[in-house]
Each structure stands twice: as C-alpha cells, then as structure tokens.
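Report on the following structure.
The basis for the numbers below is simple: all heavy atoms, side chains too, and nothing from hydrogens, waters or symmetry mates. Worth saying up front: this structure is predicted, and the values here are computed from it rather than measured.
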Amino acid sequence: MKSYKEINKEQNTFAREYRKSSPAILDGFMTMYKASMSEGALSNKVKELMALGIGIAARCDGCIASHAKASIHAGATREELVETIDVAIMMGGGPSVIYGTQALAAVDEFLAD
C-alpha cells in the first residue's frame with residue numbers, strides 16, 4: 001500500500017537534491033508555483049483542489065501527495081476533496097474516450113490511402 005506521507009517526504013528530499021544540481025530551474029519553478037497559488041480571483045484552496053485533480057488525471061503520485069496535503073492545509077473539507085476526486089476521475093476518462101476515437105479515425109484515414 002502506498003503511503004502518500006512517505007511519497008511527499010521522499011519527493012521533498014529528491015527536490016532538495018535536484019536543486020543542488022539545477023538551482024535556477026527549481027527556483028524558477030518554485031517562483032511560478034508561489035505566484036500561481038497565491039490568493040487572487042480564486043482562493044488558494046480552489047487552486048490546490050484544481051492541482052490535486054490534475055495530479056490525479058496525470059497519475060502523479062508526488063502531485064497527489066503534495067496537493068492533497070496542501071488542499072487540507074488550505075481548508076478543504078473531505079467532501080470537497082471527494083468531489084474533486086470525482087471530477088478528476090471523470091476528466092481522466094473523458095479525454096481518453098475523445099482522443100481514442102479520434103486516433104481510430106486517424107488510423108482509418110491513413111489506412112484508406
């Protein structure tokens with residue numbers, strides 16, 4: 001069974017080590033992260049829930065660990081998190097149906113030549 005607390009801890013360790021090799025890239029990413037997650041027209045909570053949903057759809061364990069924790073820290077309730085997960089599941093499946101049928105159409109088009 002996965003431990004997202006351990007995944008988060010491990011990812012933070014990896015990031016610190018990576019920063020030693022490429023500080024400009026990681027610092028640039030963190031600047032973008034802080035700017036995008038700051039309060040604005042959307043609250044930090046909403047932004048963290050969005051990031052969690054994208055992490056789920058992208059199948060990113062580190063993203064899930066980071067943004068689940070940050071969502072709770074930002075005040076998200078279990079019910080809000082469940083609904084975020086519901087939407088992520090729907091979106092992860094929906095785009096696959098759309099692009100899968102388009103890929104088959106492309107295959108059929110190329111086979112027709």
Side-chain angles (χ1 to χ4, degrees):
M1 179 176 220
K2 292 179 186 178
S3 167
Y4 284 95
K5 288 180 181 179
E6 286 301 314
I7 290 169
N8 198 34
K9 183 179 174 182
E10 186 177 65
Q11 188 57 49
N12 288 337
T13 299
F14 292 157
R16 281 191 298 277
E17 287 301 313
Y18 177 74
R19 187 178 185 281
K20 292 176 186 175
S21 298
S22 192
I25 295 298
L26 197 56
D27 289 349
F29 176 80
M30 292 310 296
T31 297
M32 179 179 61
Y33 174 85
K34 289 174 185 175
S36 67
M37 291 307 212
S38 65
E39 294 284 330
L42 297 175
S43 69
N44 175 254
K45 179 176 82 170
V46 168
K47 292 176 181 185
E48 287 295 349
L49 290 169
M50 291 169 63
L52 176 61
I54 292 167
I56 293 165
R59 298 173 184 93
C60 174
D61 286 335
C63 300
I64 293 167
S66 175
H67 296 292
K69 181 178 180 180
S71 293
I72 292 166
H73 182 73
T77 65
R78 187 174 190 280
E79 293 79 15
E80 289 170 323
L81 288 156
V82 169
E83 288 189 18
T84 297
I85 293 166
D86 293 346
V87 172
I89 290 169
M90 182 275 301
M91 288 304 294
S96 296
V97 171
I98 299 302
Y99 282 95
T101 58
Q102 291 178 12
L104 182 57
V107 166
D108 290 341
E109 182 179 346
F110 287 118
L111 287 174
D113 285 345

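Contacts classified as salt bridge (Lys or Arg N to Asp or Glu O under 4.0 Å) and involving residues 67-77 (residues at least two apart or in different chains) are not found. Within the structure, the salt bridge (Lys or Arg N to Asp or Glu O under 4.0 Å) test picks out the following pairs touching residues 32-49 (sequence neighbours left out): Lys45-Glu80.
Across Gly55 and Cys63, no two heavy atoms sit closer than the pair CA-CB, 3.8 Å. In terms of heavy atoms, Leu49 sits closest to Ser71 at N-OG, 3.6 Å. When every heavy atom of Ala88 is checked against every heavy atom of Gly53, the shortest pair comes out as CB-O, 3.4 Å. Heavy-atom minimum distance, Ser66 versus Asn8: CA-OD1, 3.7 Å.
Atom CE of residue Met37 and atom CE of residue Met32 lie 10.5 Å apart, to the nearest 0.5 angstrom. Distance check, rounded to the nearest 0.5 Å: CG of Asp61 to CD of Glu6 gives 13.5 Å. Atom-to-atom distance recorded for Ser3:OG and Glu10:CD is 10.0 Å, nearest 0.5 angstrom.
Heavy-atom neighbours of Ile25 CD1 from other residues, nucleotides or ligands within 6.0 Å: at or below the threshold of 12.
Ile72 and Ile7 fall within a single hydrophobic cluster, where Ile, Leu, Val, Met, Phe, Trp and Tyr side chains are chained together by heavy-atom contacts under 4.5 Å. Note on Leu81 and Val87: separate hydrophobic clusters, where clusters join Ile, Leu, Val, Met, Phe, Trp and Tyr whose side-chain heavy atoms are under 4.5 Å apart, directly or indirectly. Tyr33 and Leu52 sit in two unconnected hydrophobic clusters of ILVMFWY residues. Membership requires side-chain heavy atoms under 4.5 Å apart, directly or through other members. Both Ile56 and Tyr4 belong to a common hydrophobic cluster when Ile, Leu, Val, Met, Phe, Trp and Tyr are linked at side-chain heavy-atom distances under 4.5 angstrom.
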task = Would you sort out whether Lys20 and Glu17 count as a side chain to side chain contact (heavy atoms under 4.5 Å, CB included), showing the intermediate values?
result = CA-CA 5 Å; Lys20 292 176 186 175; Glu17 287 301 313; 3.0 Å; yes
